[in-house]
Undergrad: 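Dropping a structure here in structure tokens format, bear with me for questions.
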Protein chains: 2
Amino acid sequence: MKFSPLVDELIESLRCLPGVGPKSAQRMAFQLLERNRKVGQKLATALERSMSEVGHCQACRTFTEQDLCPICSSPKRGTAGTICVVETPADVLAIEAGGHFMGRYFVLLGHLSPLDGVGPEELGLALLEKHLSSEDVTELILATNPTVEGDATAHFIADIARRHNVVISRIAHGVPVGGELEYVDSTTLALSFNGRIPL
Amino acid sequence: MKFSPLVDELIESLRCLPGVGPKSAQRMAFQLLERNRKVGQKLATALERSMSEVGHCQACRTFTEQDLCPICSSPKRGTAGTICVVETPADVLAIEAGGHFMGRYFVLLGHLSPLDGVGPEELGLALLEKHLSSEDVTELILATNPTVEGDATAHFIADIARRHNVVISRIAHGVPVGGELEYVDSTTLALSFNGRIPL
Ligand SMILES: [Zn+2]
Ligand SMILES: [Zn+2]
């Protein structure tokens, strides 16, 4: 026995959120019930609406409930000459947080993974190629993750892009700024040597 | 700029959950949108229903959407002679997890705190006294927190209970089992000396 069915179900449902264990789910449920019912209602509505209404940007595939996301629909960036390819919408946020990139994005929503049935079609590469064949686009930056799958995906897309008149690059991998050499893994260290820049 | 209004609102609403920072809120939102829309829908429904339907047990004041919680409505425990007074529904769960206590509970939903406007009325002490004056009840265990407020509340309730024919006790405070003396704070250590048990 725990509580009543409805309270138990609330705790169970909160547990399904990533990173939420039984203790935190309980704490969340009790805090909402005790003093934040309005917050709980607001979250319920936001969840309800976004689970049913949020789809993908028709140009870059990031999450949006509109036809085009704010970046793709912005006059300055929506027709920018540079496209940055990333794996997930979270990567877009991470790059936007830097505030330096002023081009547009293309979100793969994954990486090539034949065993899981993820091929060029699932990553929307036909749509990407349509962008590449437009006159606006002059540069493609491949910012997939520095993993085996991310690298393979970057090379696969680079092969496609070479058929079009665009400059292709991969973001640099190396020692993070502020990081200490001794704590960086050997693969990263090797990449940072290979990518060394003449002074 | 972040995402579209609806996605931003989902992230904002998730941030209002206790212990959820901006990064985890984002991770939760993306994971739900990417591959767990059904889980998100289920959580929305559970939140929606529990925020509007869950009230308090008419006998013990813990959370329930029914008139009586499962403990109070159980034939064995609902009329038990022993009442254990706790501050929150979470305390009920903690004691139930032990599985040793077989009586019923009374949940104060707080502790005496005159400055915050929390007095005997807010803690439902009239209802508690009604239980105490019934012939069934023979024992009262005060399990409020070992804090200044919890102690004051326990003493206040003990004074009320003395008007009735019940045995009154306060749970013991001391060194936790498996704890090491050197890491226990001095107040707890003092309590464990005062409460020493002859062998
Ligand atoms: Zn877009
Ligand atoms: Zn009850």
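These figures come from a predicted structure and were not determined experimentally. Naming: A, B, ... by sequence-line order, numbering from 1 per chain.
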Undergrad: Please classify the contact of A/Gln41 with chain B as side chain, backbone, both or neither, using a heavy-atom distance under 4.5 Å.
TA: both
Undergrad: Just so I understand: if I count every heavy-atom pair under 4.5 Å between each of A/Leu32, A/Asn36, A/Val20 and chain B, which residue has the most?
TA: A/Leu32
Undergrad: Does a side-chain heavy-atom distance below 4.5 Å link A/Val7 with B/Thr62?
TA: no
Undergrad: Quick one: do A/Leu127 and A/Ile168 end up in the same hydrophobic cluster if we chain Ile, Leu, Val, Met, Phe, Trp and Tyr together by side-chain heavy atoms under 4.5 Å apart?
TA: yes
Undergrad: Out of curiosity, does B/Phe101 fall in the hydrophobic cluster containing B/Val166 (side-chain heavy atoms, cut-off under 4.5 Å, transitive links)?
TA: no
Undergrad: Picking from B/Thr64, B/Thr45, B/Leu17, B/Val39, which has the most non-hydrogen pairs under 4.5 angstrom with chain A?
TA: B/Leu17
Undergrad: Same cluster for B/Ile83 and B/Leu108 if Ile/Leu/Val/Met/Phe/Trp/Tyr side chains link at under 4.5 Å?
TA: yes
Undergrad: Is it true that A/Val167 and A/Val86 fall in one hydrophobic cluster, defined by side-chain heavy atoms closer than 4.5 Å?
TA: no
Undergrad: If you compare all heavy atoms of B/Gln66 against all heavy atoms of A/Ser4, which two are closest, and at what distance to 0.1 Å?
TA: OE1-CB, 3.8 Å
Undergrad: For the residue pair B/Pro89 and A/Phe30, what are the closest heavy atoms and their distance?
TA: C-CE1, 3.9 Å
Undergrad: Measuring from B/Glu53:CD to A/Leu10:CG, what's the distance to the nearest 0.5 Å?
TA: 12.0 Å
Undergrad: Return the CE to NZ distance between B/Met51 and A/Lys38, rounded to the nearest 0.5 Å.
TA: 13.5 Å
Undergrad: Please name the pair of heavy atoms, one in A/Arg37 and one in B/Val54, separated by the smallest distance, quoted to 0.1 Å.
TA: NH1-O, 2.6 Å
Undergrad: Can you tell me how far CD of B/Glu9 sits from CG of A/Leu43, rounded to the nearest 0.5 angstrom?
TA: 10.0 Å
Undergrad: For A/Glu48, is it the side chain, the backbone, both, or neither that has a heavy atom closer than 4.5 Å to a heavy atom of chain B?
TA: both
Undergrad: In Å, rounded to the nearest 0.5 Å, how long is the span from CG of A/Leu14 to CE of B/Met28?
TA: 8.5 Å
Undergrad: Taking all non-hydrogen atoms of both residues, which atom of B/Glu65 and which atom of A/Leu6 are closest, and how far apart?
TA: OE2-N, 3.0 Å
Undergrad: Please classify the contact of B/Ser73 with chain A as side chain, backbone, both or neither, using a heavy-atom distance under 4.5 Å.
TA: neither
Undergrad: Decide if atom CG of B/Asp136 counts as having more than 12 heavy atoms of other residues, nucleotides or ligands within a radius under 6.0 Å.
TA: yes
Undergrad: Report whether B/Leu140 and B/Tyr105 are members of the same hydrophobic cluster (ILVMFWY, side-chain heavy atoms less than 4.5 Å apart, transitive linking).
TA: no
Undergrad: Check whether A/Gln31 gets within reach of chain B through its side chain, its backbone, both or neither, counting any heavy atom under 4.5 Å.
TA: side chain
Undergrad: For the residue pair A/Ser50 and B/Leu33, what are the closest heavy atoms and their distance?
TA: O-CD2, 3.8 Å
Undergrad: Does any heavy atom of chain B fall under 4.5 Å from the side chain of A/Ser74, the backbone, both, or neither of them?
TA: neither
